[in-house]
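Report on the structure given below.
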Amino acid sequence: MNNCSSNSSAKDFYLIGFPALQDFQIPLFFVFFLFYMLILIGNIIIIAVVVVDHTLHKPMYFFLTNLSVLDILFTTTTIPKMLAMFLVNAKTISFHVCFLQMYCFHGLSVTESLLLVVMSYDRYEAISCAWVTALLIPIPVVFQTSQLTFGETATVYHCFCDHLAVVQAACSDFSASFQTFLGFSIAMTVSVVPLMLVTLSYVHIIISILKINSKVGRSKAFSTCTSHLIVVGTYYSSIAVAYISYRTDMPIDSHVMSNVVFAILTPLLNPLIYTLRNKEVKCAFANYCDRG
């Protein structure tokens, strides 16, 4: 945390990005631009196919559409600013935009966590509740963080306004230390509790599948669950890496990269996982292309 006078007030934040990769800004731009295009194209295709093909108007594909919309919003919160940083060195972000980005990033992250729980319990009617609840959870923490004291231009060791990275840019005082503890505690709660619920759901599902006498029936049932389990595993693995990076003495670039991986990995893989492993989606996409 930075030391500064108590009457200072931040007007802007300066995003460091990847300190060790300052000579590779253009390659980074093309890499992240490619990732962003793949995320947009993959998720837009899924949304379009589900909307156009009436055979996919089922609860499972309504879940999938919500997940695709969420992934587009989630990555759009961070990647465009990162692209501007890499291409034209636009590393300054205003105070209000920084906290708006922080709210959107964490609110949408919690939304994905809750949507995965809703999907595991197949509760179609709970989707709206998941969105509203998730978007309310970050408000108190983001607001309290905005009340911390910062230097006139605070340095954030990150590619975007992640909560803990911004708190670490605040002046050293009890409030900043408390915000670090509070933010980490809430993040762990909204990650661990949904993970436990998903785990309990799939333990019950697996027990039920093992009771199926037909080998073909068991195989089909496991195949149905696999896509969601892969998505859950990818999501929570990337979260685990991001959290560990905050609690260990890692180089700044490794720490930032672990958080960036969390921000883009799941949205990048979701369309591939759900299309490559789902015959209905593949058939609907093929029919859509034939009609085009």
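Numbering starts at 1 and runs along the sequence shown.
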Do Leu108 and Phe143 belong together in a cluster built from hydrophobic side chains that touch within less than 4.5 Å?
no
Starting at CG of Asn270, measure out to OG1 of Thr234 and round the result to the nearest 0.5 Å.
7.5 Å
Parallel, tilted or perpendicular: ring planes of Phe105 versus Phe160, cut at 30 and 60 degrees:
tilted
Check this for me: His96, atom NE2, are more than 12 non-hydrogen atoms of other residues, nucleotides or ligands nearer than 6.0 Å?
no
Nearest 0.5 Å, please: how far is CG in Leu87 from CG in Leu28?
11.5 Å
Which residues pass the side chain to side chain contact (heavy atoms under 4.5 Å, CB included) test with Thr145, not counting sequence neighbours?
Phe99, Met102, Val141, Leu148, His163, Val166, Val167, Gln179
Do Met85 and Met257 share a hydrophobic cluster (ILVMFWY, side-chain heavy atoms under 4.5 Å, transitive)?
yes
State, yes or no, whether a side-chain contact exists between Phe33 and Leu38 at a heavy-atom distance under 4.5 Å.
no
Remaining members of hydrophobic cluster (4.5 Å side-chain criterion), Ile207:
Val203
Of all heavy-atom pairs linking Ala134 and Pro138, the shortest is O-CD, 3.0 Å
I need the minimum non-hydrogen distance between Thr77 and Gln101, along with the two atoms involved.
O-NE2, 3.1 Å
Measure the shortest side-chain to side-chain distance between Tyr235 and Leu265 over non-hydrogen atoms and say whether it is less than 4.5 angstrom.
no
Closest heavy-atom pair and its distance - Thr92, Lys81
O-NZ, 2.9 Å
Shared hydrophobic cluster, Leu195 / Val231 (ILVMFWY, side-chain heavy atoms < 4.5 Å):
yes
Transitively linked via ILVMFWY side-chain contacts under 4.5 Å: Leu100 with Trp131?
no
Checking Val260 against Phe32 for the side chain to side chain contact (heavy atoms under 4.5 Å, CB included) test, could you report, in this order, the C-alpha distance in whole Å, the side-chain angles of both residues, the deciding distance, and whether it holds?
CA-CA 10 Å; Val260 171; Phe32 281 93; 3.3 Å; yes
Locate the shortest heavy-atom distance separating Tyr103 from Ile139; write the atom from each residue and the value.
CE1-CG1, 3.6 Å
Are there more than 12 heavy atoms of other residues, nucleotides or ligands under 6.0 Å from atom CZ of Phe29?
yes
List for me each residue that meets side-chain hydrogen bond (donor to acceptor under 3.5 Å, both in side chains) alongside Tyr236, sequence neighbours excluded, and say none if there are none.
Ser113
Indicate yes or no: at least one non-hydrogen side-chain atom of Ile206 is less than 4.5 angstrom from one of Leu210.
yes
Atom CD1 in Ile273, atom CG in Leu268: separation rounded to 0.5 Å?
9.5 Å
Which pairs count as side chain to side chain donor-acceptor pair (under 3.5 Å) when at least one residue sits in residues 17-39, sequence neighbours excluded?
Gln22-Lys91, Tyr36-Thr76
Roughly how far apart are Thr78 OG1 and Leu83 CG, rounded to 0.5 Å?
9.0 Å
Could you check if a side-chain atom of His106 sits within less than 4.5 angstrom of a side-chain atom of Asp162, using non-hydrogen atoms only?
yes
Scanning both residues in full, the closest heavy-atom pair of Val256 with Phe18 reads CG1-CE2, 3.7 Å
Residues 43-52, side-chain donor-acceptor partners within the protein, below 3.5 Å, at least two apart:
{"from": "Asn43", "atom 1": "OD1", "to": "Ser68", "atom 2": "OG", "distance (Å)": "3.2"}
{"from": "Asn43", "atom 1": "ND2", "to": "Ile39", "atom 2": "O", "distance (Å)": "2.8"}
{"from": "Asn43", "atom 1": "ND2", "to": "Pro267", "atom 2": "O", "distance (Å)": "3.4"}

Please tell me if the side chains of Phe86 and Val31 come closer than 4.5 Å, counting only heavy atoms from C-beta onward.
no
One should read off an interatomic distance between Ile137 CD1 and Thr133 OG1, to the nearest 0.5 angstrom, of 6.5 Å
Can you tell if the side chain of Met119 reaches within under 4.5 Å of the side chain of Leu64, non-hydrogen atoms only?
no
Hey, could you give me the CG/OH distance between Asp53 and Tyr61, rounded to the nearest 0.5 Å?
9.5 Å
Can you see which heavy atom on Leu15 is nearest to which on His158, and at what distance?
CB-O, 3.6 Å
Parallel, tilted or perpendicular, as decided by the 30° and 60° cut-offs, for the rings of Phe95 and Phe150
perpendicular
For Ile72, is there any backbone N or O sitting under 3.5 Å from a side-chain donor or acceptor partner on Thr75?
yes
Among residues at least two apart in sequence or on other chains, which ones pass side chain to side chain contact (heavy atoms under 4.5 Å, CB included) with Val97?
Ile93, Ser94
Are any non-hydrogen side-chain atoms of Leu115 and Phe63 less than 4.5 angstrom apart?
no
